[in-house]
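Both ligands and their constituent atoms are indexed starting at 1 by order of listing.
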Amino acid sequence: MSQVRISAKDLGVLALPNFCPRCFWIRMRCAGKLPFQIFPGIFSSIDSYTKKVTNLHFDRYSRLPSWLEELVELGKPVKVPHYSKFCVFDEETDVLLRGTPDEILQKDDGSHIVVDYKTAKFTKAQDSLLPLYEVQLNAYAYLGERQGFNPVSGLALVYMEPQTDLTLDQLDTLVKEEGFLMAFDGHVLEVSLQADKVIPPLLKEVRRIHDLESPPLSNEGCRDCQLLEGLIATATISS
Ligand code: SF4
């Protein structure tokens with residue numbers, strides 16, 4: 001049995017309603033290096049900027065910014081380890097789970113809240129990726145509990161919502177010589193903590209799909225696979 005490595009985020013894919021085992025199998029067999037996967041880096045830059053704001057705010061005022069105080073009034077940010085250290089090896093499945101959350105806040109009772117930042121419009125339950133994020137956060141809690149952040153007492157997504165309305169009054173404050181500023185509003189969405197219940201069965205499922213000798217069937221009606229099949233059929237006819 002060869003070891004499988006999976007990130008908390010990729011594990012979350014299994015929870016999506018339109019999850020496709022075939023895509024997952026292909027992705028694992030390609031070690032995640034799929035073609036046509038270009039992601040803009042701007043979102044991780046904003047997440048990292050958000051983290052800097054939180055930490056600098058705490059350094060200066062000894063308290064969290066107000067949008068995080070609704071989550072934990074008396075809390076402090078603690079150093080989050082690099083993902084290469086924030087990992088757990090599951091002996092039963094030979095799967096290495098890893099990943100690192102954007103933020104870990106320690107409450108005054110010593111417990112921890114795991115936070116992930118999302119740069120997006122805030123919608124309480126309409127985010128189609130919410131099932132993925134719920135697993136991702138629970139995976140971080142699973143790792144945290146085993147990596148010295150015990151106990152984890154809460155999970156939260158913090159949406160940083162870009163403020164795209166602009167009035168004439170704001171113009172002079174926001175426009176600078178070299179460009180312009182854009183404001184973000186923070187919104188907290190707490191996520192149910194059930195790491196020990198949710199994560200082990202998903203690790204088993206990762207192993208099961210990974211070990212299939214050939215790719216499982218395509219999701220019925222998936223447009224991408226239909227396009228590919230059409231392309232292959234055309235190429236076969238022309239040759
Ligand atoms: S059915 Fe869709 S999701 Fe599944 S492998 Fe094909 S393209 Fe990917």
Side-chain angles (χ1 to χ4, degrees), residues 1-44 46-47 83 87-88 90 92-102 116-143 155 157 159 189 191-192 194-195 197-239:
M1 194 157 68
S2 63
Q3 189 185 89
V4 177
R5 293 170 178 215
I6 189 154
S7 71
K9 190 166 188 184
D10 285 347
L11 190 72
V13 171
L14 284 123
L16 289 172
N18 59 352
F19 170 68
C20 174
R22 183 180 178 87
C23 244
F24 194 73
W25 185 90
I26 295 169
R27 181 194 283 242
M28 281 195 292
R29 292 301 174 114
C30 298
K33 295 185 179 71
L34 295 174
F36 314 121
Q37 304 281 306
I38 300 165
F39 294 109
I42 184 71
F43 296 106
S44 54
I46 298 172
D47 290 350
Y83 79 87
C87 54
V88 162
D90 181 59
E92 188 186 340
T93 56
D94 203 357
V95 173
L96 184 83
L97 176 64
R98 61 187 181 178
T100 190
D102 291 325
D116 220 44
Y117 295 122
K118 303 293 173 199
T119 305
K121 277 208 176 297
F122 177 65
T123 49
K124 271 212 157 138
Q126 296 151 17
D127 191 330
S128 60
L129 293 175
L130 190 58
L132 184 158
Y133 297 152
E134 286 170 336
V135 169
Q136 184 184 5
L137 275 169
N138 273 286
Y140 292 144
Y142 190 83
L143 295 171
L155 306 174
L157 294 167
Y159 285 82
L189 181 66
V191 164
S192 152
Q194 40 188 339
K197 183 173 159 211
V198 168
I199 303 306
L202 290 177
L203 296 178
K204 285 197 182 101
E205 185 61 357
V206 168
R207 169 55 65 191
R208 188 191 71 77
I209 297 174
H210 177 273
D211 287 353
L212 294 173
E213 281 185 6
S214 53
L217 292 176
S218 304
N219 261 359
E220 211 172 301
C222 173
R223 212 169 150 262
D224 291 339
C225 251
Q226 285 169 358
L227 281 170
L228 183 62
E229 276 162 26
L231 189 68
I232 291 168
T234 321
T236 312
I237 290 164
S238 345
S239 62

Assess whether a salt bridge exists between E92 and K204, defined as any Lys/Arg side-chain N lying under 4.0 Å from an Asp/Glu carboxylate O. yes
Any idea which part of C222 is under 4.0 Å from ligand 1, heavy-atom wise: side chain, backbone, both or neither? side chain
Side chain, backbone, both or neither: the part of C225 lying under 4.0 Å from ligand 1 by heavy atom: both
Kindly identify the option in P215, C23, P216, G221 whose heavy atom sits closest to atom 5 (S) of ligand 1. C23
Those atoms of ligand 1 less than 4.0 Å from some heavy atom in [X]:
X: R22; value: 5 (S)
X: N219; value: 1 (S)
X: D224; value: 7 (S)
X: C20; value: 1 (S), 3 (S), 4 (Fe), 5 (S)

Sub-3.5 Å donor-acceptor pair from the side chain of N138 to the main-chain atoms of Q194, do we have one? yes
Without swapping roles, check the side chain of D102 against the backbone of D116 for a donor-acceptor pair under 3.5 Å. no
Has L227 got more than 12 heavy atoms of other residues, nucleotides or ligands less than 6.0 Å from its CG? yes
Residue pair R22 / L217: nearest heavy atoms and the distance that separates them: CB-O, 3.6 Å
Is there a side-chain contact between L97 and L11 in this structure, where contact means two heavy atoms from C-beta onward sitting under 4.5 Å apart? yes
